[in-house]
Every structure is written in C-alpha cells, then in structure tokens.
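Scroll down for the structure; my scribbles are underneath it.
Letters A, B, ... mirror the listed sequences (proteins, then strands); counts begin at 1.
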Amino acid sequence: MGLAGPCLPCDSGRMERYTPSLIEPKWQAYWAEHQTFKTPEDPKLPKKYVLDMFPYPSGAGLHVGHPEGYTATDIYCRYLRATGHAVLHPMGWDAFGLPAEQYAIQTGTHPAVTTQKNIATFKRQIMALGLSYDWDREVDTTDPAYVKWTQWIFLQLFKRGLAYQSEKPVNWCPALGTVLANEEVIDGKSERGSHPVVRLPLRQWMLRITAYADRLVDDLKLADWPESTKTMQEEWIGRSEGAEVKFPLVDGNGELEIFTTRPDTLFGVTFMVIAPEHPFVERLTTHAQKNAVEAYAHQAINRSDLDRKAAKEKTGVFTGGFVTNPLTGQPVPVWVADYVMMGYGTGAIMAVPGHDQRDFEFARKFGIPVLQVVSADGTVIDGEMPEAMTEEGVAVNSGPYNGLTTETFKKKVTQDLEASGQGKLRVEFRLRDWVFSRQRYWGEPIPIYFPVETDGDPRQGAAHTIRYDMPMPVDEAELPLQLPELEDFNPGEDPAGTLARAIDWRFFQRDGLWYARETNTMPQWAGSCWYYLRFMDPRNPTAAWSQEAAQRWLPVDLYVGGAEHAVLHLLYARFWHKVLLDAGHLNVPEPFGKLVHQGMILGEVEYTAFKLGDQFLNRDQITTNPEGGYQHKENGAEVLLVRVPEEDTEKKGATIILKANPKITVEARAFKMSKSRGNVVNPDEVILAHGADALRLYEMFLGPLEATKPWSTTGIQGVSRFLERTWNLGQKPVSDLAPEGDLLRLMHKTIRKVGEDIEALRLNTAISAMMIFLNELAKTEPLPRVAVETLVRLLHPFAPHLAEELWETLSHAPSIQAVPWPTYDPALCVDEAVTVVVQINGKVRGRVTLPADSSLDERRTAALACPDAQSHLAGKEILKVVVPPNGTLVSIVVK
RNA sequence: GCUCGCAUGGCGGAAUGGCAGACGCCAUGGACUUAAAAUCCAUUGUCCGAAAGGGCGUGCCGGUUCGAGUCCGGCUGCGAGCACCA
C-alpha cells in the first residue's frame, strides 16, 4: 500500500490524504505526555466509575472480541469527561492462572516471566487502540504489592470464620494436578482443557459463601443488571423453601430427617431414599440386605460424576429398614439410591412417586406402589397413575387435609408438624461453599501456617506431624507472603500441591518451635474478586484502599464484560464485597451498578455444502450420524461438510446455491473464532490496514453491543470510507457563516441523537446519525465552520485520533477532550414542516405536508380533504377518524 | 427435561403501538480514466405493470386494536445457562 496517493484537487491547493498510521501514534504520544486521561481529583465534579472486566493476558495476544467492550466504555468515558464528570477508568491484568504455569512446566520459563511478556503485548495492543485509561492506576494481580492485599482480604475472611478447612470429597483433576470448584467442572470434565475430574476426599480451604446466600439473592434487586444474568445467579444460588420432616425409625433407633418442598404430598409417600453416603445406611440395613447395600454403596460412592451422569436408569437397593410416616403412622421402606445426593438437604428424601418424576421412575423400576394425593380438579384417577403429576392442585386421599389447595396444605401441614415436633420450615440452597484452594504454583499463597510436631528438623526429613487442625494466620505485618522460587513447576502427584516441595519455604522455626506453611494457593478468581476496589486507590501502601476513595468512587457505575462471567466472577466478587462491607471497609451494599455484557464477535460468514467424494449433495439427501458426522440417507456413506468460497455461490431468492451446480444449496453461517477453524481476526492486522479509529468504529457499528455478530472484512471498508470522507471534509475551506435552515436543524438533531445514544450505549445508531450529518455536510457549500466543528466534536469519542487531528487542522489547540460536549436547542430539533400520513382502513393512501405548529384538527381536516384520500373515500361511508396525540398520521375507517 | 434470550431484504442491522427496511455492506448502471483501482452520481424488499399505480411482505397459527415487527395466547427453529437439587 503506497501512502503517496494522488492529491485530490481543492481550493486551497493540495490536500493530504487520511493516514491513520501517522496521526494515531502522534495522538497516543500526546495523550501519554499530557496525562490527558488522569483521573481528576476535584471533588466538586460528579463522579463516574466505568470499568472493563480486566483480561487474562494470554500468550495469543488480543483478539477482536476484546476491543468491543473496551471501545464501548472508552466512548462512554470520553463523552462523560466532555460533559463535566470526573471519570475513573482503569485497566489491569488478571495475571495468575494455569496457562503461564503449564508453559512453565513445559519449558522451565518462570511463570512471572511469561506473564510479564504477555502483559507487555496486551498493553501495547490496547494502547494502539487509543483507549483512554488512566495508566497510572494499572494493577497486576501477581504484583506482590497487590498480592499483599488479596492475602489481607483472605485473613479478614478467616478471622470472621468464613474461611475454614474441610476434608470433603472434592473435584480432583489428575491431569491438571489440582482441585477444581464445582463451577469449574462441566459434565464431569475440567472447564479448562476438558480433563476428567474424579471425586477424592482432600483437605481443602473453603469459603463460607452459603452464609451470604440470602443476601446474594435478595440484593440482586439493587443491581441494574440484565434480567438473564440475575436469573442465572438466582438459579445458581437456588433458594427453595420447604419443610424438614422427621420420620422415626420403626426400631426406635432415632429419626430420619428429610427435606421436601412438597410436604402436602406426605400422604403419598410409599418409600424413602437415602444417599449412599448417608450416616444411617448402616443403621437401617438389615442383616439380610447387608451385602447388597454395602456393594451398592461402595460402587456408588466411587462412581465419578461422569458415570453418574451417563447412567440414565435409576439404580438402588432396599435396606430392609423401615421408618414411620409421621402423619399416617404407616411404616415406609427405606432404600439407598444414588439419585439422592448427600450434599443437598439432609441427604434423604421421602419419595412420592405419584407426584415426582424421579420417584416415579424409581417406583416403576422396583415395583413400588404409586399413590395419588394431588388432583388438578379434585377427581381421583381409577387404578394406577400412568405418569407422575408434578403440578399443583387439590389434595385427595390425604385424610383431614382433603380438598386443600397445594399452597394452603403446605402451610397448614408445616405448622401442624412444627406443633407436634415432627418437623419445621426449612430453606435450602443449591449453592455450596466455595472450594478455595488449588494445588498449584502460580497463585497467591494462602497466608496460613500450622504447628509442626517433630523431634528434629523437618527440612532434613525428620518425622513430623503437621497440625492442620490448628491453622494460624500470618501476621498482617508480614504480608505479602511471597511464592518461593522453584526450578520445577510440575504439580506432581502430591495433593498437598507444588509448594510442598519447597521445603525451606514451607517449614520455619520460631521461638524454638517448628511450623509449616499452607502449601495450597488461591484460585484465579481471588485477584479478580476485588480489583475494582484496588483501582480506587492503587498505590496505597498502608491499606487495600482508603475510606475516602471508597466514599468517592463506589459503586462502579458501569461494568462491561462477557456473559461467561455471569455467575462465577460476579457472584464471588459480590460475596467478598459483602464480607468487606460487614467488616466496615466499604459503604455500599453492591459493587456494580449497571452491568452490560458485550456480545461475541464471530468469524466471517462461511459457506458450506455437503460433499461425497467429488460429488456435491443436498441437505435432504443427508442424515446426521450418532458421532455428530453426516452420512448419505440411502447408502450410508460418510459425507463431509466442506467450505465453499463465497465467489462460487449465488443467491437465488431465499436460498444460496452453487454457481457451478444450481441444484445444490449452500448453507451460510458464522462460527465462533478459533485457532483450529482458522477464522481468528487479529486486531494488529486490522489496525495496520485501516487504523485503530476504523476498527473502533466498525466494531461499534456492527450492531447492538449486546448482540452476537459476525465479522465482515468488507463491512469495515464502509466505516473506513466514512472516516476518509470526514477527513476530506476537514481539509476543505470553511466559512464563518452560521448554519441555517434544514442544516441547522439536522445539526441540533444530531447532537441530541448522538448524546442520547451514547448514554444508552446505542453506539451503532449514534454512528449512523453522524453518517447522515456528514452526507449532508458533504453537499453543503459554503461549509459552515460551526457545523464541521460540531461533527468533529461528536465524532471525538468514537474516532479520537481523527478528531484530535481535525480539531488541530481547524486551528484549535489540543486536546479536544478538554472541549465541552456540544449542546442542542430542543426547539431546533423539530422540522418546520410535518408529513401527515393518511391511512384508510389501515393502508397508507396519501400524505399531506403541514406546518409543524398545525393543530390536530387542522391535520384531520387536511387529511380528509387531500386528493389521494378523496379518491379512496368516494362512495364510502366514514365510520371513524383517529388522530393520535403525536399527530403524525390520520387513520380513517370506512365501509 | 427446566429456565432465559433471539427470529426483519442477498448480508450487518434501524424502527416511544403510528410511513417497515434508517445507516452501512454487497450488487447493478453511469461519470471520471488510455485502462484499472480509488472517488463521485443513481438504482436497489418482492410480485404484476411500458408507466401511472396496485398486490404481497418482519419464522408459523390465532387474538387485542382505527392501526401490530412491536402487545397477548399457542407453535417451530436457533442460541445460551442449568440439569437426578427432593
């Protein structure tokens, strides 16, 4: 690409060509030198805290998905600064994590080295986009000065009894050499890398997030979040209200407690189920059933989640034991089955096969009776129930409770059970406590140590016992507790973790006694749980943040990031926030106000067709096979889905066909960008070809911020052309004559539209409004200076480099960021004339043009009188004439 | 299976219950050029028609309304989340 293109003729002689590669670095250097985006200290300015979810700096560098959210917030921030706000807009790095460590295991490069290299790449790429971050506030979660306060927060949790150890079975991933949170396990495999995960009892640090379950649900109403995200969190927490009911063992040896949300079906209980891990298994099992129950329980407990999921059929064994139904006094058999889990409720259920799908399946399989106790309309089904009726209704076959609705029954029976001491109201949560330890190297060390009982020096291999039951917090003055240097980062097979091998770091002596440090590290979520707090006061050496900073900046006003964090990160951060609020370090209940998830940017649309050998086939000749592939319907031969170049296709009505073979239809679809697919778009290359302003503008113009949308190489040329045309306009001589008439009105309308759209993050329509304004200005001669300057000022948040350059060209001193946002006159935002649409029986039949100040009656009269209407009204009877209050149309109903 | 979201030209999309398709891409024609690229101008939902004009049209079926892409009910398809949670 040659830069010395032909000069366009113009009145002032030679015109320079729009060259982003020259002006973009120029202004980036200017902003850095003049600290244009430094967060203002002035407390009189209204504050706005605008936050992007900070990235994990991967080795692959930025992809085009990153600039989407970052550009949107950047536009918003530049607009807010121009409208007189003090804006806090920081960026940082979520830099602990597995990839750097995996790389270290393979190559021996220290993760800190890899991390710093990746951060440098990310920062260079983000800088090249011209984003207006206050780089003085940059944070890095792996920086000891940051780790110090992450550990400090852990100690606050520990001191409040919210961090504890547990020996429960956890998700151990042998391939990764670590334990994973429930949230990181998907279908029995690790979220990262899809490695198998097994259940293994290990000592773990847990965070008592369940203690905050109620508030985490209730306070969602304070957050201005997408409903879908709130729903996901609500469901993740999964609060359900029901009853705890006690079923006495028939042999008098205690009571079996169960949790149910349907105490109204107590009369329909025909069996009980307890989890294989339930402590009552032994007590309930009769001698005759002992072998069968033990075999089943042993097998079920060792079954991985993957196996449990794969099994579709219900399994279980009768214990031989019975309990008594507290309402009917009838004996009920107790079974062991793995469809009941120890981790939820009491690990035991009352089974009501008539009104629960799972119980129904179980009863069917093992020939257990099914009773009807709820009916939609009060009638009782004759004979066996054909399927479980899970809806609410009216009680039947329920003794004194017959005829009650489900809701009333629940309330009444819960009260009755409570009065007789046989049960009570109980609220259960799906949410479990958070497994907070990882057996890896590249994470924050957990600042805890334990006494060691030993006769010698444990570093020399002396026999010793670590008293894990006596955890002691590291003194706050000793923070940060830094990672030891290691040669080999391989986690190995010791579930105590990589750090267990750093003997000299692990064991230390104090006052003659030996102690051992915790060798687990924190999960990657830890750093991101509170980075928004550190940004408020990032260099504070004596506190994680100051009270004044918290008063000034919280809550985050706008938070933009991917929907993939809807549950994990956003729930964990809210939990820590509430703990810190309770500890008196914060003053607002929720960290994030408005939350927006940017949509994914897919790869370019791909055209595909089915091919067997060198023969193309149509969709209707193909079926999918169980492995997810395709095969020929008749002969079963394997068929491939192949990519077809776009130029070989042709559109024919609603379908796309092959040019060479019009009988073959082609499917068009965009796919998620991925290395393996080879459809990843690299921002560096886009900037090289079109400039950062074009990339920014294009990503915003693509569609609504929240939508998933495909990348298009030709599409970016449209916005590139717009920028060039704006540039060319800026090179033209301008007149000091004020704009007037329609141009003046369009200018005011555009100011209003762009401002309103930025505030609502409708950036695509804001750009389209500026395009319309430009198209009009390009036709205007002489060109009013005020109009060109207005366009440049409006464009500035979107294409800041171009705007700065044009602002200078228009003989102004930099920077345009210091120039207040243009204002509009509402009186000039309406047209002088209105076009009133004449509708007859719902069809548009004509238009009349009237002055903007005409009354509704005048419009009605003019519409009825217009020739187009008359020709459709001739010989018809007018039944009704409707003029809506905005007066844009007159609707006539005739017969 | 449950929960949530989405569905508009050849494509990305626009439209407080009020002119469907703004803006952009693509495509076609023209101007400029020796030529091409770039640029500029015009056309561009679809069908009938020489035109004037008219019919149809926002996934499908129905409803509310003077008026529905928009609201309500029922489907279908696609996407996301959850998934034996008692």
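The listed nucleotides are B/rC26, B/rG18, B/rG13; the one nearest the side chain of A/Pro884 is B/rG18. Of the listed nucleotides (B/rG12, B/rA86, B/rC19), B/rG12 has the atom at the smallest distance from the side chain of A/Phe701. Closest approach to the A/Ser228 side chain among B/rC84, B/rC4, B/rC23 is made by B/rC4 (side chain taken as heavy atoms from C-beta onward). For A/Ile772, whose side chain is taken as the heavy atoms from C-beta onward, the closest listed nucleotide among B/rG81, B/rA86, B/rA22 is B/rA22. Side-chain proximity of A/Thr714 to the nucleotides B/rG18, B/rC25, B/rG55 is greatest for B/rC25. Comparing B/rA86, B/rG12, B/rG13 against the side chain of A/Asn764 picks out B/rG13 as the nearest. Counting only heavy atoms from C-beta on, A/Asn775 has its side chain closest to B/rC23 among B/rA86, B/rC23, B/rG12. Across B/rC19, B/rC66, B/rA86, the shortest atom-to-atom separation from the side chain of A/Val882 is found for B/rC66. Comparing B/rA14, B/rA86, B/rC66 against the side chain of A/Val340 picks out B/rA86 as the nearest. In the set B/rG13, B/rG54, B/rA86, the nucleotide with an atom closest to the side chain of A/Arg845 is B/rG54.
Within 6.0 Å of atom NZ in A/Lys365, more than 12 heavy atoms from other residues, nucleotides or ligands are found, so the atom counts as buried in its surroundings.
Rounded to whole Å, atom P of B/rA86 lies 15 Å from atom CD of A/Gln357. In this structure, A/Lys410 places its NZ atom 12 Å from C1' of B/rA86, rounding to the nearest Å. Rounded to whole angstrom, the span from the CD atom of A/Glu68 across to the P atom of B/rG12 amounts to 16 Å. A/Met350 places its CE atom 17 Å from the C1' atom of B/rC84, with the value rounded to the nearest Å. Here the C1' atom of nucleotide B/rA86 and the CG atom of A/Asp264 are 13 Å apart, to the nearest Å. Between A/Phe798 atom CZ and B/rG24 atom C1' the separation is 15 Å, expressed in whole Å. Note: CD1 (A/Ile237) to P (B/rG81) measures 18 Å, nearest angstrom.
If you check B/rA22 for Watson-Crick or wobble pairing at under 3.5 angstrom, you find it has no partner at all. Using N1 to N3 plus N6-O4 or O6-N4 for Watson-Crick, or N1-O2 and O6-N3 for G-U wobble, each under 3.5 Å, B/rG79 pairs with B/rC4.
In this entry the base of B/rG30 is anti relative to its sugar, with a glycosidic angle more than 90° from 0.
For the OP1/OP2 pair of B/rC25 and a distance below 4.0 Å, the side-chain nitrogens and oxygens of A/Arg721 include at least one atom meeting the criterion. An OP1 or OP2 oxygen of B/rG17 is reached within less than 4.0 angstrom by no side-chain nitrogen or oxygen of A/Asn886. Distances shown here put a side-chain N or O of A/Ser240 below 4.0 Å from the OP1 or OP2 atom of B/rA86. Applying the 4.0 Å criterion to OP1 and OP2 of B/rC82, one finds that A/Arg430 has every side-chain N and O outside that range.
For the C1' atoms, the distance linking B/rG17 with B/rU65 amounts to 9 Å, nearest Å. Atom name C1', nucleotides B/rG12 and B/rA27: the rounded distance is 16 Å, in whole Å. For the P atoms, the distance from B/rC4 to B/rG9 is 27 Å, rounded to whole Å. Taking the C1' atoms as reference points, B/rA42 lies 23 Å from B/rA35, given to the whole Å. One P atom belongs to B/rU28, the other to B/rA37, and the distance between them is 11 Å to the nearest Å. Comparing B/rG63 with B/rG13, their C1' atoms are spaced 30 Å from each other, to the whole Å.
Of the two residues contacting RNA chain B, namely A/Leu889 and A/Glu235, the nearest-nucleotide position lying further toward the 5' end is that of A/Glu235. Across the interface with RNA chain B, nearest-nucleotide mapping of A/Lys843 and A/Ile767 shows A/Ile767 to be the residue nearer the 5′ end.
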